[in-house]
Amino acid sequence: MTATAPVAAAALPLRTRIGQVNQRLKGWEAVRWVDGAPRVTDVLRREVDRWGGLGALYGVLRADPWSAVRWSDGIPPERSAEAYAAVQEHVTRYGDGLPVLFVEEAPHGLMALGGTTLPVNLALGAGMDEALTEELGALVAAEARARGTHVALVSGLDVLRDPRWGRAEECFSEDPALAALLVAATVRGMQGSASPGAPIGGAHVAVVAKHLAGQGAGIGGRNGSGAPIGPRELGEIHLRPAHAAAGAGVAGFMAAYNDIDGVPCSANRDLLTGTIRDRWGWDGLVMADGTAIDRLRDSAPDPAAAAALALGAGVDLSLWDEAFTHVEEALDRGLVGEDVLDRAVDRVLDLKRRLGLLGNAAPAPGDASAAAAARDVAALTARAARQSVVLVRDAGVLPLPAGATVAVVGPNADDLDAQLGDYTPPRPPDDPDASTVLSALADRLGAARVRYAPGSRLRGPLDDPDALDAVSRVCAAADLAVVVLGGSSRRSYEDEFAANGAVDGPAPDTTNGEGVDLSSVALPEAQLAVARAARAAGRPVVGVVVDGRPRVLSALDPLVDALLVVPFPGPAGGDAVSEALLAGTAPGRLPATFPAADGVFPVAHDERAETARGYADSRALRALPLGTAHAPGLTATLRPDAGASVAASALAAGAAVEVTVDVRNDGPTALDVPVPLYGRRRERGVRPRRRGLLGVRRARLAPGETVVLTYPLGLDALGSWATGEPVALPVAVAVWCTPDADEPEGAAVVRVTDDEGTTPWER
């Protein structure tokens, strides 16, 4: 029967308890859409019979090439709740009466037919807009919950430390402070409450933030490879976003595939219990990544031992693993205690309680259409797409001249899929809000003034031997060329996939996403050939790089007169790029550093200051540091009195110092841009990072206007993150607001002092 009163693990049969920590099934295999109605399958029936129920079910609504779900056979968006209801009715009627949690992917929008697709996280990082990120989170949550979803798996903890990593697009930034700011905003927007254990209302979902931890530090940028980093690097870089998510009340964390110094995250008790629970005081649910517990077989002799390792470390819920079906054997062999299993079950039950599935009536789902209308989905996603566009430089060719004829060339000029990122459902057949650079410019300028030739594929030449000649012809017949290059996380229904859904081949023109790590991040020669053909035509050339990772742009730079970089901006990306081309300005800033050449990693703006001179064959490491943006007429100046002091004891108690910046717009157009504040810590005995992000504020300025921005610097900004949580220590912090990659002359100094009013650095 259905549970209507509070339930504790200790009161449940062992079989039921083991079922509650299992999430083995793929939802699209558990229920099918047949003849206009949902039908539960034998796969689901067997699982319920075996365990008396389910803890959670992943992916009932998932639609993509891995699930092989299409518009033709998938669950219609407006009938999602019926599919969930069919599963829930079967689980509660034929099982133990405990409802199941419905879990879906939502890395940049709900991964279901008809789900709103947002710009990827790296694009939101370019916008550096905390408020907009929170609004977008609320939008996605309302949409998901209206369809019946309980739990959303949300990227945001990974920090981009190597651009060779295919999942770079899922990171907000290479800077942990920016990642922390935006992941906390996402959690607040999606969950609606930061109170630990508080109910999650009917217009919100529980968030499981992924991945914990250090996945962005994998060896060679290879997905899931080890992170050979020390505890200070782990704390300062990779735990900071997780700490912010915990502080925002995130319901769960997903343990990552990788190991940290040899210890797999899903078996890392110091991480999953000692750090996030004992030290931080967070007590939510930890889910394993897909098949991650089964992967512990290289660290354990058999499945029962692997299950015991994960449970003992603090994993509460599996994902597609067989290992957790061996929990009873692990108990019998004394590998793990029954109290450890009960603790995990209670956490699963507690999340069900928070979502209204136990004890009280479940909160009514929100009205998807009302929620969408209230937030104006199209306007919000278009705004986010505009903020993803970064104008890197312009030699005076922008804005596009009035009345000009424009050649739009390159493999990403008219490829909507190349704007969307990984983990994206198929677009609806009728997609009026979608635009490519080509379609948007044709709409704005008129089709008669736009010429087009793709020129190449992303990874190689086209089969057409005339492809580059066609580029030359259309560019010669135009007044200006826009060359649209970059990458794509496109997934095809003909591709092959690994057991966890990562692309496994052949994906001939896929360059990004899970399973697509690259040894080289230089633009492929075939794409550069398109740019050379455009340049040879003798017209001004604007380069647009639409990609999900930092690229080496050194070979492209001399071929273009202006350069825009656009992390995968979503369906509205074409309009966003065309608006920047016609306005001659863009609001985004690079959320990560672009390397000057292949093989010069790491290059992040906050790497430690080096005593070495660099490589003999490549003295320049960083071509374009985080925060790069070309904004003619925009100046930011620290107030002369920007330096300040605060006692470490006061900082620990919640005090902050304020740094003030005057921002002026002497350019011809109104601006709405982020203004970062950078700093370098001087802590005695510790080699400093070149710079780090201390804060970011938005400036909205009319031409000729000056605004004053105030940056409150508290414990998060000025404390030490060496342990993964902020600690107030006496230090001196140089502060500046200019784009300098190193501390400039005249930087202000903020002092965190000891009881004697000084810092060890000054003694």
Side-chain angles (χ1 to χ4, degrees), residues 9 12 14-30 43-44 46-48 50-60 62 91 95-96 98 100-105 150-151 153 206 208-212 224 251-258 264-269 271-273 284-300 302-331 335-336 338 340-352 498-501:
L12 300 174
L14 179 60
R15 181 185 72 141
T16 298
R17 283 178 276 164
I18 295 174
Q20 288 301 300
V21 298
N22 269 286
Q23 186 180 202
R24 294 195 319 128
L25 302 189
K26 300 176 178 71
W28 60 90
E29 297 176 350
V43 172
L44 178 66
R46 285 194 296 269
E47 193 76 356
V48 173
R50 182 178 183 184
W51 302 111
L54 300 174
L57 180 61
Y58 168 99
V60 167
R62 179 166 176 159
V91 171
D96 49 28
L98 294 172
V100 61
L101 289 167
F102 293 122
V103 180
E104 302 288 347
E105 296 281 1
H150 301 133
V151 180
L153 307 184
V208 171
K210 58 182 191 178
H211 308 83
L212 187 71
F253 286 116
M254 175 178 280
Y257 286 128
N258 57 280
C265 290
S266 53
N268 193 328
R269 192 178 191 283
L271 174 68
L272 303 182
T273 298
L285 177 142
V286 171
M287 180 188 299
D289 206 341
T291 71
I293 304 174
D294 286 350
R295 295 186 187 197
L296 294 179
R297 286 299 309 280
D298 63 2
S299 311
D302 52 51
L309 274 175
L311 272 175
V315 173
D316 307 304
L317 187 63
S318 69
L319 183 58
W320 316 326
D321 291 288
E322 290 297 319
F324 265 25
T325 67
H326 295 264
V327 166
E328 186 170 3
E329 179 187 347
L331 294 170
L335 300 176
V336 66
E338 200 164 330
V340 176
L341 172 62
D342 288 353
R343 182 182 63 193
V345 174
D346 278 332
R347 288 174 179 148
V348 174
L349 296 175
D350 186 61
L351 184 54
K352 293 182 179 184
N500 67 341

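Small disclaimer: the values here were computed from a predicted structure and weren't measured.
Counting only distance, with no hydrogens or angles, the side chain of Arg297 and the backbone of Ala306 share no donor-acceptor pair below 3.5 Å. Counting only distance, with no hydrogens or angles, the side chain of Tyr257 and the backbone of Cys265 share no donor-acceptor pair below 3.5 Å.
Closest non-hydrogen pair, Ile293 versus Ser318, comes out as CD1-CB, 3.8 Å. Minimum interatomic distance between Trp51 and Ile18 (heavy atoms only, all atoms of both residues): CZ3-CG2, 3.3 Å. Val103 approaches Ala56 most closely through the heavy-atom pair CG2-CB, 4.0 Å. The heavy-atom pair separating Ala304 from Ala330 by the smallest distance is O-CB, 3.5 Å. Closest approach of Ala323 and Asp294 over heavy atoms only: N-OD1, 2.9 Å. Looking at every heavy atom in both residues, Thr273 comes nearest to Gly314 through OG1-CA, 3.8 Å.
Judged as a salt bridge (charged side-chain N to carboxylate O under 4.0 Å, His left out), and not counting sequence neighbours, the contacts of Asp350 are Arg353. Remark: Lys210 pairs with Glu105 by the salt bridge (charged side-chain N to carboxylate O under 4.0 Å, His left out) rule, at least two apart or across chains.
Identified under the salt bridge (charged side-chain N to carboxylate O under 4.0 Å, His left out) test for residues 309-329, with sequence neighbours left out: Arg24-Glu322, Arg277-Asp316, Asp316-Arg347, Glu329-Arg333.
Looking at Val43 and Leu25, their side chains come closer than 4.5 Å, going by heavy atoms from C-beta outward. Residues Phe324 and Leu317 fail the side-chain proximity criterion, which asks for heavy atoms closer than 4.5 Å. Using a 4.5 Å heavy-atom cutoff, the side chains of Asp96 and Gln20 are in contact. For the pair Leu212/Val286, no side-chain contact is recorded, criterion being any heavy-atom separation below 4.5 Å from C-beta on. No side-chain heavy atom of Arg50 sits less than 4.5 Å from a side-chain heavy atom of Asn22. For the pair Leu54 and Gln23, the minimum side-chain heavy-atom distance is 4.5 Å or more.
Taking the six-membered ring for Trp and thresholds of 30 and 60 degrees, His150 and Phe102 have nearly parallel ring planes, at less than 30 degrees apart.
Between Leu335 atom CG and Leu311 atom CG the span is 11.0 Å, to the nearest 0.5 Å. Rounding to the nearest 0.5 angstrom, the gap separating the CG atom in Leu101 from the CG atom in Leu57 is 10.0 Å.
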query: Which is it for Leu296 and Ser266 under the side chain to side chain contact (heavy atoms under 4.5 Å, CB included) test, yes or no, and what are the steps along the way?
result: CA-CA 8 Å; Leu296 294 179; Ser266 53; 3.6 Å; yes
